[in-house]
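A short worksheet on the structure shown next.
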Amino acid sequence: MKTTTWNSPHDLPETVRLQIVPLLNRQLADAIDLTLQAKQAHWNVKGPQFVSLHGLFDEVAETLGELADELAERSVELGGVADGTLQAVAGATRLPAYDRELLSGTDHLRALAAATGNFAQSSRGAIDAAATLGDASTADLFTSVSRAADKLLWKLSAHAATPA
Ligand SMILES: [Fe+2]
């Protein structure tokens with residue numbers, strides 16, 4: 001399926017770009033889904049840790065939103081379309097649906113940590129896929145995304161940490 005839509009002057013072969021754009025859009029869908037999940041937690045969390053968690057969840061949403069922007073723009077740089085509509089994201093995300101009934105900080109932390117870990121893992125897979133295709137720059141983007149996701153996962157899981 002042809003996915004480039006404009007005559008991008010990018011020098012990577014189109015055969016490579018045609019495979020990188022869907023890879024970017026898959027990660028974009030998860031990033032946008034995770035952004036919205038973090039906002040859901042930001043808005044709905046209750047309990048004694050409200051102030052700190054309300055802020056932490058907004059930081060997660062803000063960071064993921066910035067990463068989504070980078071992923072989307074890379075698709076267009078390569079001649080493709082960034083698939084960031086609600087409908088496209090709903091159809092493409094690989095994250096489990098966020099439970100709308102969650103209330104406590106512990107439950108929101110657990111749910112968001114699981115989704116963030118999932119996203120970090122798929123980002124690492126995307127690094128290898130982009131590198132195999134010969135696109136070191138996209139591999140580098142996925143590397144920075146995975147590093148940021150790892151940091152968010154640490155912040156989310158440190159709240160509920162117990163001694164190993
Ligand atoms: Fe807010």
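Everything numeric here is computed off the predicted structure, so don't read it as measured data. For ligands, and for the atoms within them, numbers begin at 1 and follow the listed sequence.
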Check which protein N, O or S atoms are less than 2.8 Å from the Fe ion (ligand 1) and report how many there are. 1

Taking all atoms of both residues into account, what is the closest heavy-atom pair of Thr138 and Leu24, and its distance? CG2-CD2, 3.9 Å

So does Lys46 have more than 12 non-hydrogen atoms from other groups sitting under 6.0 Å from NZ? yes

Identify the heavy atoms of Gln40 and Tyr98 that sit nearest to each other, and give their distance. CG-CD2, 3.7 Å

Show me the pairs that pass side chain to side chain donor-acceptor pair (under 3.5 Å) and involve residues 55-68, at least two apart or across chains. Lys39-Asp58, Glu59-Lys155

Hey, is Arg110 close enough to Asp107 for a salt bridge, meaning N to O under 4.0 Å? yes

Minimum heavy-atom separation for Thr35 to Gly65, with atom names? OG1-N, 3.5 Å

